[in-house]
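These notes concern the structure reproduced below.
Counting starts at 1 for both ligands and their atoms, in listed order. All residue numbers refer to positions in the sequence shown, counting from 1. Side chains are part of it too, since the values below use all heavy atoms of this structure and drop only hydrogens, waters and symmetry mates.
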Amino acid sequence: PSLLHIEELCDSIVRSHRDTSQFRLEDLQALRWKLFSREEIHAYQSKSIDEMWQHCAVRLTEAVQYVVEFAKRIPGFRGLGQNDQITLLKTGSMEVVLVRMSRCFNTENSTVFFDGKFASTELFKSLGCGDLMVAVFDFAHSMCALRLTEQQMALFSSLVLINSDRPCLEDRGRVHRMRRHLEVCLSHMLRRDNQESLQHKLYQKVSVLQSLCSLHVEKLHWFSQRYPLTVHSVFPPLYKELFTSD
Ligand SMILES: CCS(=O)(=O)c1ccc(CC(=O)Nc2ccc(-c3ccc(CC(C)C)c(C#N)c3)c(C(F)(F)F)c2)cc1
């Protein structure tokens, strides 16, 4: 691909990320000291496990929907077969949500934006997923340490999604060709930012992301065994489609 084509591809990925990321960075920054009060935290901790799970599933599904929109705007994604689009979203959308979550993480007090204010892991106690929440927050912290620009996050997010190693892809070759172009974009951008050292640090994040998402699916399976009706009747359909193997 020509350099012009690469620059154009970079620009379109960055634009798509900006147009599909729920909150602008400056808005999240402006809210970063809006913390939940003791009473509000106590109210969340007093929720039943199924109530809190449902609440979080709804919030997560909103974030996933924006990632689905981002994926659809990646040049070439809509050219893939329907099944391959679903396969890439099933395995990659939660990973991109977790990458994006670092945008709303406050490293000074280890809080994350949730339901309009910034919350620490203790707010999620009634989920019964302490280890997952700690891992999610630690990941957000480690992503913040890389101090990615929105452009770098946009390209990293597209590479997380366009992964030709995903199981059951029908046209693996086509996904791989898309991925090659995106890899050239990322290295072109990192060279331009004089930050080539970021490349391997980003690729190292991929395995942590995948283990986080497996843990999320594991916890969901554990929860759906105990509260089948909650998952079946009040969880968002998209959440069920993406994260359960029903
Ligand atoms: C992401 C784009 S953005 O514009 O930066 C943006 C856009 C919106 C928001 C608000 C927001 O939706 N925060 C939120 C939502 C759900 C969750 C969450 C809750 C529970 C679980 C455990 C699971 C078992 C249900 C998981 C997981 N895995 C994740 C979190 C946080 F991870 F922090 F707990 C935060 C924050 C930034």
Go through the steps for H181 and F77 under the test ring-ring contact (aromatic ring centres under 6.0 Å, His included), then give the verdict. CA-CA 12 Å; H181 286 180; F77 185 82; over 10 Å; no
Among all protein non-hydrogen atoms, which one is nearest to [atom], and what is the separation to 0.1 Å?
atom: atom 37 (C) of ligand 1; answer: C104 SG, 3.5 Å
atom: atom 23 (C) of ligand 1; answer: H216 CD2, 4.0 Å
atom: atom 30 (C) of ligand 1; answer: F114 CD1, 4.1 Å
atom: atom 33 (F) of ligand 1; answer: V112 CG1, 2.9 Å
atom: atom 2 (C) of ligand 1; answer: Q22 OE1, 3.5 Å
atom: atom 24 (C) of ligand 1; answer: W53 CH2, 3.4 Å

List ligand 1 atoms under 4.0 Å from S21, heavy atoms only on the residue side.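 Selected atoms, number and element: 4 (O).
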Which option, [options], owns the non-hydrogen atom nearest [atom]?
atom: atom 28 (N) of ligand 1; options: M94, M101, K219; answer: M94
atom: atom 3 (S) of ligand 1; options: R59, M133, R103, M52; answer: R103
atom: atom 10 (C) of ligand 1; options: F137, F113, F105; answer: F113

Anything under 30° is parallel, anything over 60° is perpendicular, the rest tilted; go ahead and classify Y239 against H216.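 The arrangement is perpendicular - the two ring planes meet at more than 60°.
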Cationic tip of R100 above F23 ring, under 6.0 Å, 45° of axis: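 The answer is no; the distance or angle limit is not met.
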